[in-house]
Amino acid sequence: MKDHESEEMYLETILVLKGERPAVRSIDIADKLGYAKSSVSRGVSLLQDRGYIKVADDGFIDFTEAGAKKAETIYERHNVLTKLFVELGADTELAEANACRIEHVIDDGIFDLIKKYVDNKR
């Protein structure tokens, strides 16, 4: 995996897929992201090497504790940033697209401020 953004996209996608279906395989990730199966196979292998996921003999993917935590953190960033952008007046599609890019680079301290702001608006 060439960068941490790619790693995070895979983890977030696995988390979303796990919410949609009982089991996730590499082919599901490839379909969801529109990536080549070979690219996803390599990405999954690297996530496994880094201790974020486990792949069973039948090809089903599960998170390790560290992988689940990281995926949930990324997904939370995505959701909070999307909510902020929608509250500011962006349409949902534009908010989602921008949140997806920003979630990978935003500083933890700035994100915490945004989260606190969004949580207090409710």
Side-chain angles (χ1 to χ4, degrees):
M1 209 160 294
K2 62 183 177 183
D3 61 19
H4 104 132
E5 182 176 344
S6 179
E7 174 182 285
E8 290 180 353
M9 284 299 297
Y10 277 92
L11 290 170
E12 183 179 15
T13 300
I14 293 166
L15 181 68
V16 168
L17 287 168
K18 285 182 143 310
E20 296 173 355
R21 60 190 74 199
V24 177
R25 293 184 182 188
S26 293
I27 187 68
D28 302 318
I29 299 166
D31 289 345
K32 182 84 169 178
L33 293 174
Y35 293 173
K37 293 175 194 170
S38 59
S39 296
V40 172
S41 179
R42 172 141 171 74
V44 165
S45 179
L46 289 169
L47 288 175
Q48 193 172 12
D49 291 347
R50 292 182 180 158
Y52 291 128
I53 62 171
K54 300 173 280 186
V55 180
D57 291 339
D58 58 7
F60 293 117
I61 298 169
D62 269 318
F63 285 118
T64 63
E65 188 175 327
K69 183 177 179 179
K70 186 165 179 119
E72 289 164 4
T73 297
I74 298 158
Y75 193 59
E76 176 187 39
R77 286 179 174 221
H78 181 94
N79 289 328
V80 169
L81 291 167
T82 299
K83 285 177 190 170
L84 174 67
F85 299 147
V86 168
E87 286 178 13
L88 293 173
D91 71 47
T92 303
E93 187 175 316
L94 184 60
E96 289 268 347
N98 279 273
C100 194
R101 290 195 312 257
I102 294 169
E103 69 195 28
H104 305 291
V105 297
I106 192 168
D107 175 81
D108 290 341
I110 296 297
F111 175 74
D112 290 341
L113 291 170
I114 291 170
K115 182 179 177 197
K116 191 179 298 183
Y117 175 80
V118 169
D119 287 346
N120 288 332
K121 295 286 288 179
R122 292 183 194 158

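We're numbering straight along the sequence, starting at 1.
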Going only through I, L, V, M, F, W and Y residues with side-chain contacts under 4.5 Å, is there a path from [X] to [Y]?
X    : Y    : answer
V118 : L88  : yes
F85  : L113 : yes
L81  : L94  : no

Measure the [atom1]-[atom2] distance between [X] and [Y] for me, rounded to the nearest 0.5 Å.
X    : Y    : atom1 : atom2 : value
N79  : I74  : CG    : CD1   : 12.0 Å
I29  : Y10  : CD1   : OH    : 7.5 Å
C100 : E5   : SG    : CD    : 7.5 Å
L84  : N98  : CG    : CG    : 11.0 Å
N120 : K115 : CG    : NZ    : 11.0 Å
I110 : I102 : CD1   : CD1   : 12.0 Å

Check for a donor-acceptor pair, side chain of [X] on one end and backbone N or O of [Y] on the other, with a separation under 3.5 Å.
X   : Y    : result
H4  : H104 : yes
D31 : D28  : no
S41 : K37  : no

*Qualifying residue, where the test is salt bridge (charged side-chain N to carboxylate O under 4.0 Å, His left out) with K70 and the options are E7, E65, E12*: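 Option passing the salt bridge (charged side-chain N to carboxylate O under 4.0 Å, His left out) with K70: E7.
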
*Are any of the side-chain nitrogens in D62 or K18 under 4.0 Å away from the carboxylate oxygens of its partner?*
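Salt bridge present between D62 and K18.
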
*Is the shortest distance from a Lys or Arg side-chain nitrogen in D108 or R77 to a carboxylate oxygen in the other one below 4.0 Å?*
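Judged by the 4.0 Å cut-off on N to carboxylate O distance, D108 and R77 do form a salt bridge.
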
*Within a radius of less than 6.0 Å around CD of E93, do more than 12 heavy atoms belonging to other residues, nucleotides or ligands occur?*
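No, CD of E93 has 12 or fewer neighbouring heavy atoms, counting only those of other groups under 6.0 Å.
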
*Would you indicate whether Y75, at its atom OH, is surrounded by more than 12 heavy atoms from other residues, nucleotides or ligands within a distance under 6.0 Å?*
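No, because the 6.0 Å sphere around OH of Y75 holds 12 heavy atoms or fewer from other groups.
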
_Passing option when Y52 is tested against V44, I14, L11 for side chain to side chain contact (heavy atoms under 4.5 Å, CB included)_ =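 In the set V44, I14, L11, the residue that makes a side chain to side chain contact (heavy atoms under 4.5 Å, CB included) with Y52 is L11.
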
*List the atom of A71, the atom of F63, and the distance in Å for their closest heavy-atom pair.*
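Minimum heavy-atom contact is CB-CZ, 3.6 Å.
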
*Closest non-hydrogen atom pair, V86 against A95*: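 Smallest interatomic distance, heavy atoms only, reads CG2-CB, 3.6 Å.
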
*Using the side-chain contact (heavy atoms from CB on, under 4.5 Å) rule, take E20 and L17 through it: C-alpha gap first, then chi angles, then the decisive distance, then the call.*
CA-CA 5 Å; E20 296 173 355; L17 287 168; 3.6 Å; yes

*Would you check if I61 and L47 make a side-chain contact, meaning some heavy-atom pair closer than 4.5 Å?*
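The answer is no; the side chains never approach within 4.5 Å.
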
*Would you check if E76 and E103 make a side-chain contact, meaning some heavy-atom pair closer than 4.5 Å?*
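No, every pair of side-chain atoms sits at 4.5 Å or beyond.
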
